[in-house]
J.: 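The following block contains the structure, expressed as structure tokens.
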Amino acid sequence: MNTRSADVVIVGGAVMGSSIACQLAQRDDFTGHIVVLEADPTYQICASARSAASIRQQFSSAINIEISLFSIAYLRAIGENLEVDGEHPVIDLHEGGYLFLATPDKRDLLQQNHALQSELGADIGFFDVAGLKRRFPWLKTSDLAAGCHGLNGEGWFDGYGLMQAFRKKARSLGVAYLPAKAERLCKDGDGWSIELGTGETISAGVVVNAAGASGGSELCRQAGLDVPIHSRKRCVFSFDCREALPNFPLLIDPNGTYVRPEGQGYICGVSPADQDDVDCNDFDVDHAMFEEHIWPTLAERVPAFEAIRPGNAWAGHYDMNLFDHNAFVGAVTGLDNFYLALGFSGHGLQQAPAVGRGLAELITTGGYETLDLAPLGLDRLERGKPLLERNVV
């Protein structure tokens, strides 16, 4: 049996694992050997390739707002941050903003969230019904009380392009990518031993679990952790609309249905009802969800969507943290040299730049330097203190 060794092994080579690997390798004070394990080297089924790929500051918790403020600045400078041999990656960042709509019973909550977002430096506009009508004349507002629109710093981008840009930069800096699944993890002195699906074994000084929905919770179990991370399916539907709708944002209806522009058309989706949101590993598309819920909601909110032409649809998986729908990030108390970047619950693409930076700092120096990610630490699960986020989409 072949045995390799590495200073740092990152399990999961999609956007989160590649961001960590890239930003760790970019540090002048880190000189170790980094290996990234990716069970699906085609990246056809990873969440990074199947996401709606958006970024927002309209959260209700300070840490999520701060992470997104860092990430939008990083994405704006992606060409410089991830340049390789004079080539500057392009991710087609479009800052069209999120538009959260509120009925009268949710107006105060929207206003509270807006106050925190503004305090932390996010550029979010708060609009009454008259303001919404002026700004978005194609929008039905009869049941609304207010809305918040990201004036800049929010929007959508090429998520697959971001992942590949991190990966390409990491490889240019000497990071090795192995097309293999981490089958078994066990403690080995001060470090870890990982058995691969290829029959090989890797000895690692440090392990970072960024395996996502495809095996992140199982790796935790093998390390002695029980984390409530589950694979939950999300479907994305595309359609075309005959009527031109200017300045269309990423719109969030009060019932949670979302829609945003994609090329000349639109993509949309919604989270299933709690009783229907079960553990799932298949990629079957629930077309009834579009026909019975999503399209009726969108046609009611935007009358122009009564006449559309449905297009392609696909399904992907979130690594859903059922404790509080926020990620577990950082070192694990009692498990030396074992780090988590897991349970992002649909926010992984937009949080990858900040989390990659934070873990690179933590692994190298023992602490966070740019942004304190301690609120995402696993200790909140042990203390039974969830990080409450009221703006879950």
Side-chain angles (χ1 to χ4, degrees), residues 6-12 16-17 19-21 23-24 27 29-30 32 34-37 61-64 66-67 70 182-195 202-231 319-345 347-348 351-352 354-389:
D7 296 288
V8 177
V9 169
I10 300 169
V11 185
M16 193 59 64
S19 173
I20 298 165
Q23 297 194 70
L24 183 58
R27 290 185 66 93
D29 55 354
F30 180 84
I34 305 168
V35 171
V36 177
L37 303 178
S61 59
I63 185 60
N64 283 330
E66 291 166 347
I67 285 173
F70 175 91
E183 295 283 2
R184 190 169 185 275
L185 174 73
C186 62
K187 204 76 178 74
D188 182 14
D190 292 333
W192 298 86
S193 178
I194 307 171
E195 295 180 12
I202 291 188
S203 175
V206 168
V207 168
V208 181
N209 183 356
S214 64
S217 59
E218 173 60 19
L219 280 180
C220 283
R221 187 191 66 76
Q222 294 175 9
L225 294 176
D226 183 16
V227 294
I229 307 297
H230 294 256
S231 178
D319 52 327
M320 187 69 74
N321 182 354
L322 299 187
F323 179 61
D324 61 9
H325 295 139
N326 287 291
F328 291 131
V329 173
V332 178
T333 302
L335 284 179
D336 292 342
N337 300 317
F338 188 75
Y339 296 82
L340 295 179
L342 196 63
F344 287 88
S345 305
H347 301 142
Q351 296 191 332
V355 171
R357 175 67 56 85
L359 280 179
E361 295 168 351
L362 188 62
I363 291 167
T364 305
T365 71
Y368 295 117
E369 299 173 331
T370 304
L371 183 62
D372 185 5
L373 301 181
L376 297 181
L378 184 66
D379 62 319
R380 72 183 192 275
L381 175 64
E382 300 164 355
R383 294 183 286 108
K385 297 291 187 181
L387 173 62
L388 296 180
E389 174 56 60

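Since the model is a prediction, treat every value here as computed from it, not as a measurement. Start at 1 with the first residue, then count along the sequence.
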J.: Sub-3.5 Å donor-acceptor pair from the side chain of K187 to the main-chain atoms of G189, do we have one?
T.: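 Indeed, once roles are kept as given, a pair shorter than 3.5 Å links the two residues.
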J.: Out of curiosity, D324 CG to S61 OG, how far, rounded to the nearest 0.5 Å?
T.: 9.0 Å
J.: Distance from E66 atom CD to L371 atom CG, nearest 0.5 Å?
T.: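 Reported to 0.5 Å precision, the distance equals 5.5 Å.
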J.: Please identify each residue that fulfils side-chain contact (heavy atoms from CB on, under 4.5 Å) with S231, with sequence neighbours left out.
T.: A213, N281, H317
J.: Using the test side-chain contact (heavy atoms from CB on, under 4.5 Å), find all partners of D226 that sit at least two apart in sequence or belong to another chain.
T.: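 Partners of D226 under the side-chain contact (heavy atoms from CB on, under 4.5 Å) test: none.
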J.: Looking at L381 and P228, what are the two nearest heavy atoms and their distance?
T.: CD2-CD, 3.8 Å
J.: Given 3.5 Å as the limit, does a donor-acceptor pair link the side chain of N209 with the main chain of G216, or not?
T.: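 Here the side-chain-to-backbone pair exists.
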J.: To the nearest 0.5 Å, what is the distance between CZ (R221) and CD1 (I229)?
T.: 15.0 Å
J.: Please report the interatomic distance NE2(H347) to CE(M16), rounded to the nearest 0.5 Å.
T.: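 Answer rounded to 0.5 Å: 11.5 Å.
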J.: Are L185 and V11 packed together at the side-chain level, in the sense that at least one heavy-atom pair is separated by less than 4.5 angstrom?
T.: no
J.: Answer yes or no: is there a side-chain heavy-atom contact under 4.5 Å between V9 and W192?
T.: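 The answer is no; the side chains never approach within 4.5 Å.
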J.: At their closest point, which heavy atom of L37 faces which heavy atom of A182, and how far apart are they?
T.: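 Looks like CD1-CB, 4.0 Å.
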J.: Any idea which heavy atoms bring I67 and A354 closest together, and the distance?
T.: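 It is CG2-CB, 3.7 Å.
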J.: Compare every heavy atom of A210 with every heavy atom of I20, then report the nearest pair and how far apart it is.
T.: CD1-CB, 4.5 Å
J.: Side chains of R27 and T365: closer than 4.5 Å at any heavy-atom pair?
T.: yes
J.: Any heavy-atom pair between the side chains of L219 and V207 that's under 4.5 Å?
T.: no
J.: Give a yes or no answer on whether the side chain of S19 reaches the backbone of A352 with a donor-acceptor pair at less than 3.5 Å.
T.: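 Flag set: sc S19 to bb A352 pair under 3.5 Å.
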J.: Could you pull out the closest heavy-atom pair between P386 and G384, with the gap in Å?
T.: CD-O, 3.3 Å
J.: Under the side-chain contact (heavy atoms from CB on, under 4.5 Å) test against I63, which residue among L373, D372, N326 passes?
T.: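 Looking at L373, D372, N326, the match for I63 under the side-chain contact (heavy atoms from CB on, under 4.5 Å) is L373.
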J.: If we only count heavy atoms from C-beta on, is the D319 to S345 side-chain gap below 4.5 Å?
T.: no
J.: Distance check, rounded to the nearest 0.5 Å: E195 atom CD versus E183 atom CD?
T.: 9.0 Å
J.: So, do N64 and Q351 sit near enough that their side-chain heavy atoms are less than 4.5 Å apart?
T.: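 When only atoms from C-beta onward are counted, Q351 and N64 do touch, with a gap below 4.5 Å.
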J.: Short question: side chain of E361, backbone of T370 - any donor-acceptor pair under 3.5 Å?
T.: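 Yes; at least one donor-acceptor contact below 3.5 Å.
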J.: Nearest 0.5 Å please: distance from the CG atom of L387 over to the CG atom of L376.
T.: 6.5 Å
J.: Below 3.5 Å, can you tabulate the donor-acceptor pairs from side chains in residues 328-344 to any protein atom, sequence neighbours excluded?
T.:
from : atom 1 : to   : atom 2 : distance (Å)
N337 : ND2    : D190 : O      : 2.7

